[in-house]
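Remarks on the structure that follows.
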Amino acid sequence: MNSRQYHLDQRRAPIYEALERFRQMRVVPFDVPGHKHGKGNPELTEFLGKQCVGVDVNSMKPLDNLCHPISVIREAEELAADAFGAAHAFLMVGGTTSSVQSMVLSVCKHGDEIILPRNVHRSVINALVLCGAVPVYVNPETDERLGISLGMKREQVAKAIQEHPKAVAVLVNNPTYYGICSDLRAIVKMAHAAGMYCLADEAHGTHFYFGSGLPVSAMAAGADMAAVSMHKSGGSLTQSSLLLVGPRVHADYVRQIINLTQTTSGSYLLMSSLDISRRNLALRGHEMFHAVSDIAEYARDEVNAIGGYYAFGKELRNGDSVFDFDTTKLSIHTLDIGLAGIEVYDILRDEYDIQIEFGDIGNLLAYISMGDRLQEVERLVSALAEIRRRFQKDGTGLMSNEYIEPIVACSPQEAFYSNKISLPLEQTEGRICSEFVMCYPPGIPILAPGEKITRSVLDYIIYAKKKGCSMTGPEDPEIRHLNVIMEEK
């Protein structure tokens, strides 16, 4: 059991227990789904197994209803809130995208301002498209060597709050994709002192709630809401997530917001995976994440011993824009061996059968989690050493992941729904973009709706395409054209 004391019996997993009871009842199904416990789709059953399709069921009285839980799902949410130190927790089956969007939609309406860093996930800006809120960007500093965006500086947040006193919330990445954390406790205090909510995108911070020696979690820091991606470091199935809320938030209203967009047919496979994974974290998370941190630190030391690579860590901390660092993240700078991060990513997959989380222009991220073992890490380190020996070249002319400060011309909603025209990429300079452009992962927009297209942005897009980054967002899948706002005649 973790050192923190829980109020509820964390050995329970009520949704899992209800599904086991249901399985033993041998109920004859005259409801959906139509595969009828797998009998109607033998190929799917063979692929996934009878155990799996047998509990792919619809809401019914013994199994509760995700839209309005009163029994086993409600119990599972109460256990999750207890495990994560929240006032309430919502089981989310639309990924952390739906958690982030519900979080933003719960506090923002049309015309409201929200303070946030520009290196947010696209789901945040998607939420602004939906509700019509206006972003106030705190432009992060960039680490010049690594070319990555850092956290929000306290003075920048204070300045944004002072200049936009009617903003309704401050949103913080905790951590960024690269493992960098802002001073969340200080930002929470500033937001609350100004009468604003503080929201945390914790897509990559589930383990903060259970590890030791890791950055502070959003709920422990006093944040009002946090979107927690359980399927990343928490061990649940892909697309399952949690939305945590603090005591200052009206939980019943948040449920109404969630029900505006989340499915009415919640997957019991996803919900039971959240239930079982929460139990696993509550009972064994402390030991698991201690081991994960140890493996990541070992990997960092071994990668740095190769030479040419830089696996960065806590030495980046400066007390402000890098207030803390998530040591479970194995982020590796590659430009010193003359290769972009995405090029090393491709070589690892194509030549060594090693799948990395993502590679961008200057770095790659190997995601270390509870399922990793030392022998896999050693295989990665050996492959990186061999790649340096086989593929290293002169890095002259390589571009870093330089942060390009956006020029916001109008709100994301106004731009997205405006009259637009498709133009060849090179003819869009100076125009206002009406769609997204990003490398995915990490899903941080290079361009977002409502932003002016500059020469720097175009050069970055062209270079990222050339290097093989997976580019997504625009209507044109080849990104030869972009949609821009039609100019008034």
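If you're wondering where the values come from, they're calculated on a predicted model, not measured in any experiment.
The two residues Gly85 and Met219 come nearest to each other via the heavy atoms O-CB, 3.7 Å. Here the closest non-hydrogen pair linking Leu79 and Gln10 is O-NE2, 3.0 Å. Residues Arg122 and Gly473 come closest through the heavy atom pair NH1-CA, 4.5 Å. Taking every heavy atom of both residues into account, Ala89 and Ala80 meet most closely at CB-CB, 3.8 Å. Nearest heavy atoms, Ala464 versus Ile361: CB-CD1, 4.2 Å. The two atoms that bring Tyr268 and Val55 nearest to each other are CB-O, 3.8 Å, heavy atoms only.
To the nearest 0.5 Å, atoms OH (Tyr209) and CD (Glu202) are separated by 3.5 Å. How far CD1 of Ile479 is from SG of Cys469: 10.5 Å, rounded to the nearest 0.5 Å. In this structure, SG in Cys198 is found 6.5 Å from CD1 in Ile187, a value given to the nearest 0.5 Å. Atom NE2 of His231 and atom CG of Leu270 lie 10.0 Å apart (nearest 0.5 Å). Atom CD1 of Ile432 and atom CD1 of Ile453 lie 9.0 Å apart (nearest 0.5 Å). Atom CG of Leu237 sits about 8.5 Å away from atom CG of Leu274, to the nearest 0.5 Å.
Looking only at distances, a side-chain donor or acceptor of Arg300 sits under 3.5 Å from a matching main-chain atom of Lys329. Not a single donor-acceptor pair under 3.5 Å links the side chain of Asn174 to the backbone N or O of Ala200. With Asp82 contributing its side chain and His7 its backbone, the two residues share a donor-acceptor pair below 3.5 Å. Of the possible polar contacts, one joining the Ser98 side chain to the Gly95 backbone as a donor-acceptor pair under 3.5 Å is found. For the pair Ser99 (side chain) and Ala227 (backbone), a donor-acceptor distance under 3.5 Å is absent. Side chain of Lys420 to main chain of Glu435: no donor-acceptor pair is present (N/O by atom type, distance under 3.5 Å, no hydrogens or angles). Without hydrogens or angle criteria, Glu113 side chain to Val134 main chain gives no donor-acceptor distance under 3.5 Å. Distance alone, capped at 3.5 Å, places no donor-acceptor pair between the Asn483 side chain and the Ser434 backbone. Between the side chain of Thr334 and the backbone N or O of Leu339, at least one donor-acceptor pair lies under 3.5 Å. Checked by atom type and distance alone, the side chain of Lys467 never pairs as donor or acceptor with a backbone atom of Ala340 at under 3.5 Å.
Proximity of Leu130 to Val104: side-chain heavy atoms (C-beta onward) are nowhere separated by under 4.5 Å. For the pair Leu447/Ile461, a side-chain contact is recorded, criterion being any heavy-atom separation below 4.5 Å from C-beta on. Taking 4.5 Å as the limit, some side-chain heavy atom of Tyr417 sits within range of a side-chain heavy atom of Val129. Residues Glu77 and Pro69 meet the side-chain proximity criterion, which asks for heavy atoms closer than 4.5 Å. Side-chain contact between Val120 and Asp201 is absent, with no heavy atoms from C-beta onward closer than 4.5 Å. In this structure, the side chains of Val249 and Met225 come closer than 4.5 Å at one or more pairs of heavy atoms. A 4.5 Å side-chain heavy-atom check between Thr263 and Leu66 finds every atom pair outside the cut-off. Counting heavy atoms from C-beta outward, Ser331 and Leu365 have side chains that approach closer than 4.5 Å.
At a cut-off of 3.5 Å, with distance as the only test, a side-chain donor of Ser229 or Thr96 sits close to an acceptor on the other residue.
In this view, Asp224 and Arg248 satisfy the salt bridge (Lys or Arg N to Asp or Glu O under 4.0 Å) rule, not counting sequence neighbours. Considering only residues two or more places apart in sequence or on other chains, Ser123 meets the side-chain hydrogen bond (donor to acceptor under 3.5 Å, both in side chains) condition with His121. With sequence neighbours excluded, no residue satisfies ring pair (Phe, Tyr, Trp, His ring centres under 6.0 Å) with Tyr309. Not counting sequence neighbours, the partners of Asp275 by the salt bridge (Lys or Arg N to Asp or Glu O under 4.0 Å) test are Arg278. Remark: Phe289 pairs with His207 by the ring pair (Phe, Tyr, Trp, His ring centres under 6.0 Å) rule, at least two apart or across chains. Scored by the salt bridge (Lys or Arg N to Asp or Glu O under 4.0 Å) test, Lys109 finds Asp112 as partners (sequence neighbours excluded). Here Arg12 pairs with Glu17, Glu75 under the side-chain hydrogen bond (donor to acceptor under 3.5 Å, both in side chains) rule; sequence neighbours left out. Every residue meeting the ring pair (Phe, Tyr, Trp, His ring centres under 6.0 Å) condition with Phe22, not counting sequence neighbours, appears here in chain and number order: His37. By the side-chain hydrogen bond (donor to acceptor under 3.5 Å, both in side chains) test, Gln51 pairs with Arg23, sequence neighbours left out. Residues satisfying the side-chain hydrogen bond (donor to acceptor under 3.5 Å, both in side chains) criterion with Asp346, sequence neighbours excluded, are Arg349.
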*Tyr345 and Ile356: side-chain contact (heavy atoms from CB on, under 4.5 Å), yes or no, with the steps?*
CA-CA 6 Å; Tyr345 169 103; Ile356 296 296; 3.8 Å; yes
*Walk me through it: do Leu348 and Leu380 pass the test side-chain contact (heavy atoms from CB on, under 4.5 Å)?*
CA-CA 8 Å; Leu348 282 167; Leu380 171 63; 4.1 Å; yes
_Stepwise side-chain contact (heavy atoms from CB on, under 4.5 Å) check, Arg284 with Met370_ = CA-CA 11 Å; Arg284 291 173 284 276; Met370 61 180 73; over 6 Å; no
*Take Phe391 and Val344 through the test side-chain contact (heavy atoms from CB on, under 4.5 Å) and record every step on the way to the result.*
CA-CA 9 Å; Phe391 298 98; Val344 178; over 6 Å; no
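By the neighbour-count criterion of 12 heavy atoms within 6.0 Å, atom OH of Tyr16 is sparsely surrounded, having that number or fewer from other residues, nucleotides or ligands. Counting heavy atoms of neighbouring residues, nucleotides and ligands inside a 6.0 Å radius, atom NE2 of His35 exceeds 12 of them.
Ion pairing of Glu451 with Arg118 is present here, as a side-chain N (NZ or NE/NH1/NH2) and a carboxylate O approach within less than 4.0 Å.
Within the 6.0 Å centre-distance limit, the rings of Phe210 and Phe84 are counted as a close aromatic pair. For Phe436 and Phe416, the distance between ring centers is not under 6.0 angstrom.
Residue pairs meeting the salt bridge (charged side-chain N to carboxylate O under 4.0 Å, His left out) criterion with at least one member in residues 35-54: none, sequence neighbours excluded. Applying the side-chain hydrogen bond (donor to acceptor under 3.5 Å, both in side chains) definition to pairs two or more places apart or across chains, those involving residues 368-382 are Tyr298-Glu378.
By the 30° and 60° cut-offs, the orientation of the rings of Phe90 relative to His88 is tilted. Below 30°, between 30° and 60°, or above 60°: for Phe312 and Tyr178 the angle between ring planes is between 30° and 60°, a tilted geometry.
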